[in-house]
Amino acid sequence: MKTVLSMFLAVACIFTFAMAEAAETLTGAGATFPEPVYKAWALAYYKATGIEINYQGIGSGGGIRQITTRTVDFGASDAPLTPEQLKKDGLYQFPAVIGGVVLVVNLPGVKAGQMILDSEVISKIYLGEIKFWDDAHVKALNPGMNLPHAQINVVHRSDGSGTTAIFTRYLSGQSAEWKTKVGTDTSVNWPVGIGGKGNPGVANYVKQAPNSIGYVELQYAKAENLAYTMLKDKGKVMAPTTEAFKEAATAADFEPSKDFDLWLVNSPKGWPIAGATFILLAKDKKDSSMKTVKFYDWAFKNGDKTVEQLFYVPLPEKLKNKIRAYWKQHGVD
Amino acid sequence: MHIISKKNSVDSIFSFLTGLASLIVVFLIIGILIILLRESSMAIKRFGVFHFLASTDWNPVTASFGAATTIFGTFVTTALALLIAMPLAIGIAIFVTEIAPNFMKGPIGIAIELLAAIPSIIYGMWGLFALAPIMAKYIEPALQNTFGHLPVLGVLFSGTPMGIDILTASVILSIMIIPFTASISRDSFNLTPSVVKESAYAIGATKWEVVKNVVLPYSKLGVYGGIALSLGRALGETMAVAFVLGNNHQITTSLFDAAATITVTLANEFTEADKDIYLSSLFYLALVLFVISFIVLAIAKFFLLKAERRYSR
């Protein structure tokens, strides 16, 4: 009897504590591409307002699924949904942050920013048509470089990922061969290469395996000191800097009327493999959507420095204002 | 009177609770099976049973999926891991029971059991950071130089050794599954009646002859059971293999090539599966693995039951 009573008291105490701790919490789920930024923003927001944002990086597909079933307050996806898809599920979306994908190589004596590649060579490498580093196509872009006659060890992603979606979209947009043979998706049927798990997995493989090439977000290339390459695009050679990503963002025309459905990939200016990542909100969850919008509005006003510290690119001011008007239009301002 | 009825009520509560726990487990298994069947019904309808099992496609873009490559990867890594681990495990069991001095038996037994307690993701990380570079720099080139030129065997060792391949994954898996067979074999060997062993020694048999002709035949059913358990563990292992297998959906003849297993594919692709047919195909893969594991476990149980009956004679 005594033990039962004490157990009951214990459970009751736990419940009261739980109720007391239940401060305001918003839940979000989705892409891992922007996860570092969202988590950094959430921490700062909690310190400033006491409101907790609970974000789980389960992948863009998972994020879309969860907001469609209204399990979470907001979803996050690297791939924008089309206006038709949004209408079908009663959602609306806006971009939150921009990142860039870079090619990294592990070749003896090649440092960051030395090698030059273009979409034709990259797609041929990833299709398995260019097998050795001293291939004529590679040599043509890097005349002064001492390229070994070694097999190219291709590294890609094994898991589904927004980074892959951005990368394959870039290749599909510039190489008809890639488009027909492989195509664009968060996960594709890679003709050659080994798959690493997550951006860190790819970075790790490239770091360890000699004569390898991989694609990662800029953040990982910098953090692991990998030798990223320059890209020859639109006639000129450009370096993967946050400035180049910003240029791609400003050249892009995000249309609020089309629910910002736009891929930054192959932008007319700037880095061709840049990507925005999107937040999805449910039309019928007005209260939580308003709170989410308040969080992102705060992040747009105060979070730019955090974004740049993490090697992402904050949205241009014009775009932020377009987004604010979009929020007003949807009544969640 | 009061005391007897109190004991009965406690007994009946006890029976009820334990019965409930057992039934819950059974219902859980059936529930999982039902969910797997329901979620994979779309893929089963689209691809059928035989076509899915035989198709080497795994193309999310064209939504064409097949289990052949991942089943191949699962079986090859498991088979190779067993090939490496089983002689080692049985050898360890023989050493601990027959050869080792008494003071060593305890520590070695504990060490083996600790191997089983290490989380698999730690094996994966160790494999990626420590084992893979060693394989790539020293072991795999050495294997290639020794065996690569042989006519039939040479195919197994072709290609550029990168360290992230079937061979490395199998080595790590083999380390992970040694404890199960070693423990069970050790217990089976200990159950051999000393009388029989002493009689063999008395007529002049050597230690090896006693092990080969007396201990092993006597306890082989228990050893088979241990092997089947190790097989079950190897089939389901995910994180240890995910980092070092290379995750390339292909059927290949070289040990130095990357491959993909069912568990790693599920872990990698589940969260980003955006199309319904993609998700359904992943569930279908899970169902295939469920069936395979069930069959393996049934075989293990069969052997263990037979062994029990033998000992209780």
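In the text below, chain A, chain B and the rest are named by the order of the sequence lines, each starting its count at 1. Any value given below was found using the heavy atoms of this structure, including those in side chains, with hydrogens, waters and symmetry copies removed.
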Closest non-hydrogen atom pair, [X] against [Y]:
X        : Y        : result
B:Tyr278 : A:Ser187 : OH-OG, 3.2 Å
A:Asp185 : B:Pro60  : OD2-O, 3.6 Å
A:Ile194 : B:Met162 : CD1-CE, 3.4 Å

### Message
For residues 73-92 of chain A, give me every residue with a non-hydrogen atom less than 4.5 Å from any non-hydrogen atom of chain B.
### Response
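Within residues 73-92 of chain A, no residue comes under 4.5 Å from chain B.
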
### Task
Would you please go through residues 176-183 of chain A and name the residues with a non-hydrogen atom below 4.5 Å from one of chain B, in numerical order?
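The list, in residue order, reads A:Val182, A:Gly183.
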
### Query
Non-hydrogen atoms of chain B under 4.5 Å away: do they reach the side chain of A:Asn211, the backbone, both or neither?
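A:Asn211 has no heavy atom closer than 4.5 Å to chain B.
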
### Query
Non-hydrogen atoms of chain B under 4.5 Å away: do they reach the side chain of A:Thr184, the backbone, both or neither?
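Backbone only.
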
#### Entry: Pairs of heavy atoms under 4.5 Å with chain A: top-ranked of B:Thr265, B:Asp57, B:Val61
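Of B:Thr265, B:Asp57, B:Val61, B:Val61 has the most heavy-atom pairs under 4.5 Å with chain A.
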
Heavy-atom count around [X] [atom1] within 6.0 Å, excluding the residue itself: above 12?
X        : atom1 : value
B:Asp276 : CG    : no
A:Asn146 : CG    : no
B:Met125 : CE    : no
B:Tyr138 : OH    : no

### Query
Given A:Trp190 and B:Asn248, is the side-chain contact (heavy atoms from CB on, under 4.5 Å) satisfied, shown in steps?
CA-CA 8 Å; A:Trp190 300 97; B:Asn248 192 335; 5.9 Å; no

### Task
Among the options A:Ser158, A:Ala150, A:Ala31, pick out the one with the most heavy-atom pairs lying under 4.5 Å from chain B.
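Highest number of pairs under 4.5 Å: A:Ser158.
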
### Message
With a 4.5 angstrom heavy-atom cut-off, is it the side chain or the backbone of B:Leu128 that approaches chain A, or both, or neither?
### Response
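Contact with chain A involves both backbone and side-chain atoms of B:Leu128.
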
### Query
Are the side chains of B:Leu279 and A:Arg65 in touch, meaning some heavy atoms are under 4.5 Å apart?
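When only atoms from C-beta onward are counted, A:Arg65 and B:Leu279 do touch, with a gap below 4.5 Å.
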
### Query
Heavy atoms, side chains only, cut-off 4.5 Å: are B:Phe129 and A:Gln208 in contact?
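Answer yes - side chains close enough.
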
